[in-house]
Novice: 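Take this structure first; my questions come after.
One is the number of the first residue; the rest follow in order along the sequence. In each ligand, atom 1 is the first atom listed, and ligand 1 is the first ligand listed.
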Amino acid sequence: MKNKLRSQNWFGKTGKDGFIYRAWMKNQGIPDDEFRGKPVIGICNTWSELTPCNAHFRELAESVKRGISEAGGFPVEFPVMSLGETLIKPTAMLYRNLASMDVEESIRANPMDGVVLLCGCDKTTPSLVMGACSVNIPTLVVSGGPMLTGKFQGKDISTSDVWRFNDAVRAGEMSQEELTVAEACMCRSRGHCAVMGTASTMACMVESLGLSLPHNAAIPAADSRRKVLAQMSGRRIVEMVKEDLKLSDILTRKAFENAIMVNAGIGGSTNFIIHLLALAGRIGVDLSLDDFDHLSANIPLVANLQPSGKYFMEDLYYAGGLPPVMKELDRFLHGECITVNGKTLNENYAAEECYNREVIASVDNPFNPLSGVAILKGNLCENGCVIKPSAASPHLMKHTGKAIVFNDIEDFKSRIDDPLLDVDENSVLVLKNVGPKGYPGMPEVGNMSIPKKLLAKGITDMVRISDGRMSGTGFGTVILHASPEAALGGNFAVIQDGDIIQLDVANRSLLLEVSEEELTQRKAAWKPTHKTYHRGYVKLYQAHVQQAHLGADMDFLQGGSGSEVTRDSH
Ligand code: FES
């Protein structure tokens, strides 16, 4: 053991304090020798029946526990706030920072020497890793794994089809009865969304950062090898405690650069940007929005996965998983970065093979030479915004059109299908007040529905701009995360109907053809129209949340408090 165990500051005490710390634990039937110098490993569980993607986590935790006990550790499972993407209103993102506070304080306040984070649905990964970063004890991530590929009417389906089905129903090409049948066909097994949406992106993020054992990202939740990975992770965290291998040893600037390059190669979700910026802020790594653009710029799309490509996470696993993807990107990556198993990233993927070139292409013959994300700058959004070129339409990558402005999501919903709306396929849809402060919580509404009358003409994509986010499973020529958001009164806040907007992705520019003088006048007359909250967590959130280009974390949560707690509770 490199250092004295942190848990001995509780269980190693004599007298009244030691009695109290041990005695109540013993009501669970724990023998006395468990408390005498065994590494205590927390299993941070986001199990909840309201988070269906994580509903199998009690079983997964049992596998982790088995591994911890085998390696001579003392496992303690504890719950934290669980964020289910599909049910939580108004948006799970509103609570990412709250859940991260729960995780941070739960780890910090309790006698843990190391922790295994059980992550799955979109926000459960960043919230847990953010919280753990602010404590910085040995930490290992086990993801829940993707669902099996859905099967509907003889076709493979998954979450990206939700948007296609929605448009098909609105265009009269699919009935409500068929839609209901498709529900069970899509979600036919345990696990999270089966495309390269945000949950899969987050699982790839932790693997490429070096925070999980190899293959964590792609093993399907229903595959028994997922339990094996959980058990091996339980064994390994005990060793990590003995080696004192902490998050700050793994999460270097180079590790973050690796994650950005891998995310480009897999066509990962745009939400990756916001969550990685927030993580960097917690662990103290200097990272900016521009880093995502220049680090992604030369990386081709090698993973052929929906929504940017054709296949599903299950296919990625059968093709070899994430390690052969990273092997393809070897010439770009910092292979020397250390990972949780004590080996370097390069050592973890060097011997891996690709078994299906349809799913994982070679870097010299990629599916798409376009990188995963591009950062656009210009007078429309002074601090930048984001587009995912691999999920956009090539013919719209350079486009000029008239703005049709919706002041908030209610305005959008009430007018988008109005036959009198003056819209055509060249228009640019602009949605305001769906940013971090304005909504509040920055929901995934950026891939706005195409107007019904254009769907009827066969139009399936248009340029759309908002200060909100898009589901990682979404697609289209969708510009997101406009910063400063409309609620702050910048240029984005004063776009008006009929303004000309110029998009040029190749040149990374997004311009509003309105003079500086006119913009200054409009801003002087501007008044906020978003709803403000006066109590509870949402009040705290609205007062302190930062803008999207900074990761939308709360200002007072930047950095960490560390793991030392000097005062006793009694
Ligand atoms: Fe949980 Fe998609 S809804 S991962």
Novice: Between Glu352 and Lys327, does any NZ, NE, NH1 or NH2 come within less than 4.0 Å of an OD or OE carboxylate oxygen?
Specialist: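 No.
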Novice: What atoms of ligand 1 come closer than 4.0 angstrom to any heavy atom of Cys53?
Specialist: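 Heavy-atom distances to Cys53 below 4.0 Å select 1 (Fe), 3 (S), 4 (S).
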Novice: How many angstroms lie between CD1 in Ile260 and CG in Leu295, if you round to the nearest 0.5 Å?
Specialist: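 Going from the CD1 atom of Ile260 to the CG atom of Leu295 covers 5.0 Å.
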Novice: For ligand 1, which atoms have a heavy atom of Thr86 less than 4.0 angstrom away?
Specialist: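 Reading through ligand 1 atom by atom, the close ones are 3 (S).
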Novice: Could you check whether Phe256 and Phe292 have their ring centres less than 6.0 Å apart?
Specialist: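 Not under 6.0 Å, so no.
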Novice: Below 4.0 angstrom from a heavy atom of Glu85, which ligand 1 atoms are there? Numbered from 1 as shown, please.
Specialist: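 Once the distances to Glu85 are compared, the set is 3 (S).
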Novice: How does Ala199 reach ligand 1, by side chain, by backbone, by both or by neither, if only non-hydrogen atoms under 4.0 Å count?
Specialist: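 The part of Ala199 near ligand 1 is the side chain, not the backbone.
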Novice: Got a sec: is His192 within less than 2.8 Å of atom 1 (Fe) of ligand 1 via an N/O/S atom?
Specialist: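 So His192 does not bind atom 1 (Fe) of ligand 1 by this criterion.
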Novice: Please confirm whether the backbone N or O of Gly145 pairs with a side-chain atom of Ser143, one donor and one acceptor, at under 3.5 Å?
Specialist: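 Here the side-chain-to-backbone pair does not exist.
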Novice: Would you mind listing which atoms of ligand 1 come within a distance below 4.0 Å of any non-hydrogen atom of Asp122?
Specialist: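 Numbered from 1, ligand 1 contributes 2 (Fe), 4 (S).
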Novice: Quick check against the 3.5 Å criterion: does Asp408 have a side-chain atom that pairs as donor or acceptor with the backbone of Asp411?
Specialist: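 Yes, the answer is positive, given that a donor and an acceptor are paired below the 3.5 Å cut-off.
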Novice: Ignoring hydrogens and angles, tell me if any N or O in the side chain of Thr51 forms a donor-acceptor pair with the backbone of Asn54 under 3.5 Å.
Specialist: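 No; zero donor-acceptor contacts below 3.5 Å.
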Novice: Give me the nearest non-hydrogen protein atom to atom 2 (Fe) of ligand 1 as residue plus atom name, then the distance to 0.1 Å.
Specialist: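 So the nearest neighbour among protein heavy atoms is Cys193 SG, 2.1 Å.
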